[in-house]
Amino acid sequence: MATQLIENKLKLLPAKPGCYLMKDVNGKVIYVGKSKNLRSRVRSYFKSTQVGRRAELVENIRDYDIITVSTDKEAFLLEVTLIKKYQPYYNVQLKQGTGYPYIEITNERDPQTKLTSIIRKDGGYYFGPYPNVYAAQATLKFIQKVFPLRRCHGKQGRPCLYYHMGQCLGACFKIVPKSVYEAQIKKIKSFLNGDIGWVKKDLNQKMAVASKNLEFERAAEIRDQLNYIEETVEKQKIISHDNTQRDIFNFYVDKSWIAIQIFFLRQAKLLRSETRMYPLTDTNDPEDTFSSFIVQFYGQRNRIVPKEVLVPAKIDNEALSEVLHVPVRTPKRGQKRSLLNMAKDNAKLKLDEKFRLLELGNRKTKGAQKEIFDSLGLPYGHVIESFDHSHIQGADPVSALVVFKDGEPDKNSYRKYKLKGEVEHQNGGDEVRNTREVVRRRYSRLLKEHKPMPDLILMDGGQIQVDACEDILRNELNLNIPVAGMVKDNKHRTNHLLYGDPINGIPLKLIPLDPKSQGFYLMTRIQDEVHRFAITFHRRTHAKNALSSKLDAIKGIGPKSRNKLLRQFGSLKKIKEASIDELRSAGLTLPQAQTVKLTL
C-alpha cells in the first residue's frame, strides 16, 4: 500500500522518459528502472495488484525519486550508471568480467600476438573470448609459428632465439617495414575469422617443398600444424555463412523469472554460450529488463561488443544500436532466425530446470527462513545476523558474527571482533558486557556507514544476552531490530526460540520449533555456524597471543624482533625448527638468533 507521501508524489509525475529510484524505509535505493513514460510506469507499481518479486519490492518501497531525460538512449545510459552506483537489491547485478581469455594483436610499431584477459581501449585487435584456455593457448601457439610477428622485447642488437626458429620477424636487430607487419596481421585476422582454406593450401605447398629438400623435421612440423587445423577448426560445425562476429540474445519468461540465453558466434561457429536467470521485478515489460540486461552486459569490464547483435522482436533495436554503437537486428527468416529460436528454446529449458531446483532448494533455504519469521509472528525478512562469544577463563575474549540471507550463509559479510571491554579490569568472560560491546560496535558502524540493518538478530544464549542486545539497540542506538535467543535444553540441544520485547511491554516467551521442520534445521545450522566461527577465531587469536608471550619472555627479543619472527615463520614449531641462518634471514642479529635457538 502506498504511503501518503507516495500518493501525493504520484499526482505530480510527468509523462516523460527517464529513470526512477525506489527507496526503502532507510532511504536506501532498492530498485532502479527506466521508462518512456514515467507517469504510467511508476503509477503501475502502486495502482495494480502485484505478485512475486515485484510484490515484495512494492511492499518495501517508502519513497521514490525520478530523473527525466530527453531520449531512450539517455535513459539506457543513466539506468546503467545508477545501477552501478547504488547496487540495488532488486536489480539484476552482473558479475564483472568473463574470466575467459582473448587473443590480442597489439597496437605497436612492432606488434605481437598474446593472450590477455584485460581489454583496453588501445587500438589493439581482440579476438574471443575463448571458453577453453587450452584451446586459446594452442591457437596462439599455432599463429606464432605460422604467422610470426614479434616474439622478443625488440632492439637487442642481435637476432633472438625466436628469429632463428622462424617465429619472429626480426625486430630484435633490424627495422621491420610496417607493410610486412600489415600483411601478416591481415593473414592472422583472416584465419581467426574462419578463412582457413588458403592456410591449408599454403602449408601443404611448404610441406611438399620441405620433403623434396629432405627437410623431414620441418615437414613433420608443418604436418602437425595441418593436423591442428583439422582437429580444432574444421571439426567445429559451421553454423553461419559469413564470418561476422555476432552475439545472439533471446529470453524466456515464466513465473516472474526471466532466463536470457546468449550465443557467441566467432569464425562462423558457435564459440560459446551463456545463460543468465533472474527473478523479474518489472513483470509489466520484460522486454525493458531484457534490453537493460544487454546494455549492462556490454558495460562490463573486459567485454567487447561484436560487429552485430541479434535480438528477438518487440525490442527497441534502434535505441540499443545507438547505445552499443553496432547494428542490432531481428532476423525474419533463414539460419539467423533459427539460431534466435534455438536461443529461446535453450532459455526455456534452463528456466524449467531452475524451477525444479528452486522448488527443492527453497524448502531448505528461503522456506526455512520463513518458518523462523512466522514462528515469531514477524513479516518475512531477508537477513538474519547471529553473534557468539569465545574465551578461555576470560582470556583473549572474541566475538563472531555470521550472516544468513534467504536461508544461505553470506560468508563475505561475516565479521570478527576482538573484544576490548567496556570497563577497566573487565573479566573477558562476562557475557553481558561482551554482548553489549559487540552489538554496539556492529550496529553503530552500520548506522555511521548508512548500511541496511538485518531483519532479525539471533543471540546464542538466553534472556541475559537478549536483554543486553535489546538494551543497546533500543536505548542507545534507537533501533527496533527484532532480537531472539536460541535456547538449549538440559541436554545442550537447541529446541526453542526466546522472543519478546520487555522494554516495550511485550514479555519474553519460549517459542518451540518442530524438530523435523526446515526452520528448526536452519536455526541449528545458524547456531552451529556462529559457534564454529567464534571458536576458530578464538583459537587463532589465543595461539598468536600465547606465541607472542613466549617470544617476549626470551631475553634480548623485543616487540620488533618478535614481529619479524611471527611474520617470517607464523608458529612456534617453525621457529623451533629454523636454523641459525634462517633466524638471521628473518632480521635477527647473530646473538639474538643464538638466544632464540637455545631458549626454544
Side-chain angles (χ1 to χ4, degrees), residues 19-24 28-35 41-42 44-46 48-61 64 79-80 82-84 86-96 249-262 274-297 300 312 315 343-344 346-371 373 379-384 403-410 412-413 452 455 518 522:
C19 292
Y20 51 95
L21 299 84
M22 301 301 192
K23 299 180 178 181
D24 65 9
K28 180 180 174 62
V29 176
I30 56 175
Y31 183 69
V32 171
K34 69 176 186 312
S35 177
R41 176 61 57 80
V42 176
S44 71
Y45 282 85
F46 308 100
S48 56
T49 303
Q50 311 298 344
V51 294
R53 188 171 173 86
R54 186 176 169 106
E56 186 181 299
L57 164 65
V58 173
E59 189 177 331
N60 288 298
I61 297 173
Y64 69 83
E79 182 190 40
V80 173
L82 293 173
I83 289 173
K84 284 183 178 179
Y86 293 109
Q87 293 289 298
Y89 178 84
Y90 289 96
N91 277 96
V92 169
Q93 295 180 21
L94 302 185
K95 294 180 179 178
Q96 290 296 318
F249 291 81
N250 211 333
F251 69 97
Y252 181 77
V253 173
D254 190 19
K255 299 182 179 72
S256 296
W257 274 73
I258 184 169
I260 299 173
Q261 181 71 41
I262 313 146
E274 288 183 18
T275 309
R276 307 289 182 88
M277 289 173 284
Y278 306 99
L280 189 62
T281 301
D282 198 344
T283 52
N284 285 352
D285 195 350
E287 288 81 8
D288 242 14
T289 300
F290 176 71
S291 298
S292 296
F293 171 88
I294 295 175
V295 175
Q296 293 178 60
F297 184 81
Q300 291 178 286
I315 303 301
K344 183 167 187 174
N346 276 266
K348 181 181 185 302
L349 184 69
K350 293 292 178 66
L351 193 54
D352 289 343
E353 181 185 76
K354 177 75 173 180
F355 287 147
R356 289 194 293 271
L357 294 175
L358 275 176
E359 186 178 351
L360 296 172
N362 276 347
R363 294 176 188 173
K364 296 182 179 181
T365 55
K366 200 168 183 178
Q369 186 152 315
K370 186 176 185 300
E371 284 184 24
F373 278 88
Y380 181 78
H382 297 287
V383 180
I384 295 176
V403 180
F404 275 64
K405 291 185 177 179
D406 293 324
E408 292 282 2
D410 179 14
N412 289 333
S413 298
D455 301 293
Q518 293 296 338
L522 176 59

*For residues K344 and P312, determine if any side-chain heavy atom of one lies less than 4.5 Å from a side-chain heavy atom of the other.*
no
*Any chance you could lay out the side chain to side chain contact (heavy atoms under 4.5 Å, CB included) test for L522 and F404, step after step, and finish with the verdict?*
CA-CA 10 Å; L522 176 59; F404 275 64; 4.0 Å; yes
*What residues, two or more places apart in sequence or in another chain, satisfy side-chain hydrogen bond (donor to acceptor under 3.5 Å, both in side chains) together with K350?*
T275
*Determine yes or no for a side-chain-to-main-chain donor-acceptor pair under 3.5 angstrom, with Q369 supplying the side chain and G407 the backbone.*
yes
*Knowing that exactly one of K370, K366, E371 qualifies, which makes a side-chain contact (heavy atoms from CB on, under 4.5 Å) with Q518?*
E371
*asked:* Checking Y90 against E56 for the side-chain hydrogen bond (donor to acceptor under 3.5 Å, both in side chains) test, could you report, in this order, the C-alpha distance in whole Å, the side-chain angles of both residues, the deciding distance, and whether it holds?
replied: CA-CA 9 Å; Y90 289 96; E56 186 181 299; 3.2 Å; yes
*Who are the salt bridge (charged side-chain N to carboxylate O under 4.0 Å, His left out) partners of D406, not counting sequence neighbours?*
none
*Which atom pair, heavy atoms only, marks the closest approach of A259 to A347?*
CB-O, 3.4 Å
*Note, I315 side chain near F249 side chain (heavy atom, < 4.5 Å)*: no
*Heavy atoms, side chains only, cut-off 4.5 Å: are F251 and I294 in contact?*
no
*Given R41 and D288, is the side chain to side chain contact (heavy atoms under 4.5 Å, CB included) satisfied, shown in steps?*
CA-CA 11 Å; R41 176 61 57 80; D288 242 14; 3.4 Å; yes
*With rounding to the nearest 0.5 Å, note down the distance linking OG in S292 to CD1 in I83.*
6.5 Å
*Please report the shortest heavy-atom distance between V42 and M22, naming the atom on each side.*
CG1-CE, 4.3 Å
*Would you give the length of the straight line joining atom CG of L351 to atom CD1 of I260, rounded to the nearest 0.5 angstrom?*
11.0 Å
*E59 and Y380: side chain to side chain contact (heavy atoms under 4.5 Å, CB included), yes or no, with the steps?*
CA-CA 11 Å; E59 189 177 331; Y380 181 78; over 6 Å; no
*So, for N250 and A343, which heavy atoms are closest and what is the spacing to 0.1 Å?*
CB-CB, 3.8 Å
_L280 versus I258, closest heavy-atom pair with distance_ = CD1-CG2, 4.0 Å
_If you define the side chain from C-beta out and look only at heavy atoms, does anything of Y89 sit under 4.5 Å from K405?_
no
*First locate atom CG of L21, then atom CD1 of I61, and finally report the distance between them rounded to the nearest 0.5 Å.*
11.0 Å
_Below 30° counts as parallel, above 60° as perpendicular, anything between as tilted: where do the rings of Y278 and F293 land?_
tilted
*Taking the side chain as every heavy atom from C-beta outward, state whether F290 and V253 have any atom pair closer than 4.5 Å.*
no
_Interatomic spacing from CZ in F373 to NE2 in H382 - rounded to 0.5 Å_ = 9.5 Å
_Plane angle bin for Y45 and Y31 - parallel if under 30°, tilted between 30 and 60°, otherwise perpendicular_ = tilted
*S44/R54 under side-chain hydrogen bond (donor to acceptor under 3.5 Å, both in side chains): CA gap, chis, key distance, verdict*: CA-CA 11 Å; S44 71; R54 186 176 169 106; 3.0 Å; yes
*Where do E79 and G33 come nearest, in terms of heavy atoms and distance?*
OE2-CA, 3.8 Å
